[in-house]
Amino acid sequence: MNKILIADDHPVVRAGLKELLSGAFGKIAFAEAKTAQEALEMASKEEWSLAILDVSMPGRSGIDILSDLKRVQPKLPVLVLSMHPEEQFARRALKAGASAYMTKETVPEELVKAVRKVLAGGRYVSASLAEKLASDLRQEPDRAPHEILSDREFQILQMIASGKTVTNIAEELALSVKTVSTYRARMLEKTGMQNNAELIRYAIENHLVG
């Protein structure tokens, strides 16, 4: 019997996924996590057939724990299911070891198709994401400024662009204000930008924030 771990901070999303997958696959054992850290702890205690992981959760993000998940369970397939568009996190998720990246706008039939393929040991990307990844490969090595940021730097860029202050970000990520300020300074240095206004404008122009 397949065992699926669902990590999402919204109870309605977790319930909807359980109903959808139970209807498509029959008997499945589910477990739920409300935070990325909870998911990591559950993955370290027992084996799972699949983990479905949200990106934006309280504390550490789903992307943030992907490498840790793969370390404690190297063979664990991970499907990242996020409200964020593919251009924001898909490439990072796949690079970090995810087997699939889907948005919450995905039609149920495609999500079931993705889960089926991942459970069978494959990887799944949508047609639009496959086209984007192919385009990105053709454009290398001319990488966009945000592509050279670390996952944490990219996350903080998005939070700045959504109007959050350094203090807000520090509280939400359980980091010190000094640490967040250091990440911000690294972002400015790597991208060649001067201030938050430029970061915000860049994020909006490149559709990096919803």
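Since the model is a prediction, treat every value here as computed from it, not as a measurement.
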Rounded to the nearest 0.5 Å, the OG1 atom of T35 sits from the CG atom of D9 at a distance of 9.0 Å
Any ring pair (Phe, Tyr, Trp, His ring centres under 6.0 Å) pairs touching residues 156-205, not counting sequence neighbours? H146-Y202
Does one hydrophobic cluster hold both V180 and M193, with members joined at side-chain heavy-atom distances below 4.5 Å? yes
Name all pairs fulfilling the salt bridge (Lys or Arg N to Asp or Glu O under 4.0 Å) condition that reach into residues 40-59, sequence neighbours left out, sorted by first residue then second. K3-E46, D54-K104
My understanding is that only residues two or more places apart in sequence, or in another chain, count here; which of them pass salt bridge (Lys or Arg N to Asp or Glu O under 4.0 Å) with R116? none
Compare every heavy atom of A43 with every heavy atom of L69, then report the nearest pair and how far apart it is. CD2-CB, 3.4 Å
Atom of M187, atom of I160 and distance for their closest heavy-atom approach: CE-CD1, 3.9 Å
Who pairs with E171 by side-chain hydrogen bond (donor to acceptor under 3.5 Å, both in side chains), at least two apart in sequence or on another chain? none
Using the rule that two of Ile, Leu, Val, Met, Phe, Trp, Tyr join whenever any of their side-chain heavy atoms come within less than 4.5 Å, decide whether M83 and F154 are in one cluster. no
I need the S99 OG to L76 CG distance, nearest 0.5 Å. 8.0 Å
How long is the straight-line distance from CZ of R152 back to CZ of R186, given to the nearest 0.5 Å? 11.5 Å
Within the side chain of N206, is there an N or O that forms a donor-acceptor pair under 3.5 Å with the backbone of L208? no
Say whether I4 and V112 are linked into one hydrophobic cluster, either directly or through other cluster members, by side-chain heavy-atom distances under 4.5 angstrom. yes
Is any side-chain heavy atom of Y124 closer than 4.5 Å to one of L79? no
Reference residue V115; test side chain to side chain contact (heavy atoms under 4.5 Å, CB included); the match among L17, L21, L20: L21
Would you mind listing every salt bridge (Lys or Arg N to Asp or Glu O under 4.0 Å) that reaches into residues 188-202, with sequence neighbours excluded? E153-K190
Salt bridge (Lys or Arg N to Asp or Glu O under 4.0 Å) pairs, two or more places apart, involving residues 159-170: K164-E172
Looking at residues at least two apart in the chain, or sitting in another chain, which of them share a salt bridge (Lys or Arg N to Asp or Glu O under 4.0 Å) with D151? R92
List in chain and number order the residues that pass salt bridge (Lys or Arg N to Asp or Glu O under 4.0 Å) with K70, two or more places apart in sequence or in another chain; answer none if no residue qualifies. none
Taking I65's backbone N and O only, do any of them form a donor-acceptor pair with D68's side chain (distance below 3.5 Å, no angle check)? no
Residues in side-chain hydrogen bond (donor to acceptor under 3.5 Å, both in side chains) with S176, at least two apart? T179
How many angstroms lie between CD in E105 and OG in S82, if you round to the nearest 0.5 Å? 10.5 Å
Could you tell me whether the side chain of L149 reaches within less than 4.5 Å of the side chain of I156, counting heavy atoms only? no
Between V80 and A93 the two heavy atoms that sit nearest each other are CG2-CB, 4.0 Å
Distance col, row I52:CD1 vs L50:CG, nearest 0.5 angstrom, shows 5.0 Å
Contacts satisfying side chain to side chain donor-acceptor pair (under 3.5 Å) that involve residues 17-28 (not counting sequence neighbours) are K18-E32
Side chain to side chain contact (heavy atoms under 4.5 Å, CB included) assessment of R123 paired with L94: CA-CA 9 Å; R123 302 184 82 190; L94 296 171; 3.8 Å; yes
So, do N196 and L199 sit near enough that their side-chain heavy atoms are less than 4.5 Å apart? yes
Measuring from atom OG of S150 to atom CD1 of I63, what distance do you get when rounded to the nearest 0.5 angstrom? 12.5 Å
Does E109 have any salt bridge (Lys or Arg N to Asp or Glu O under 4.0 Å) partners at least two apart in sequence or in another chain, and if so, which? none
L5-L119 co-clustered via ILVMFWY side chain contacts under 4.5 Å: no
If you compare all heavy atoms of L66 against all heavy atoms of V78, which two are closest, and at what distance to 0.1 Å? CD2-CG1, 3.7 Å
Where at least one partner belongs to residues 27-48, residue pairs that pass ring pair (Phe, Tyr, Trp, His ring centres under 6.0 Å), sequence neighbours excluded: none
Identify the heavy atoms of T103 and L81 that sit nearest to each other, and give their distance. O-CD1, 3.6 Å
Of all the heavy-atom pairs spanning M159 and S162, show the shortest one and how long it is. O-OG, 2.8 Å
Please tell me whether I6 and M42 are part of a single hydrophobic cluster in this structure, the criterion being side-chain heavy atoms less than 4.5 Å apart. no
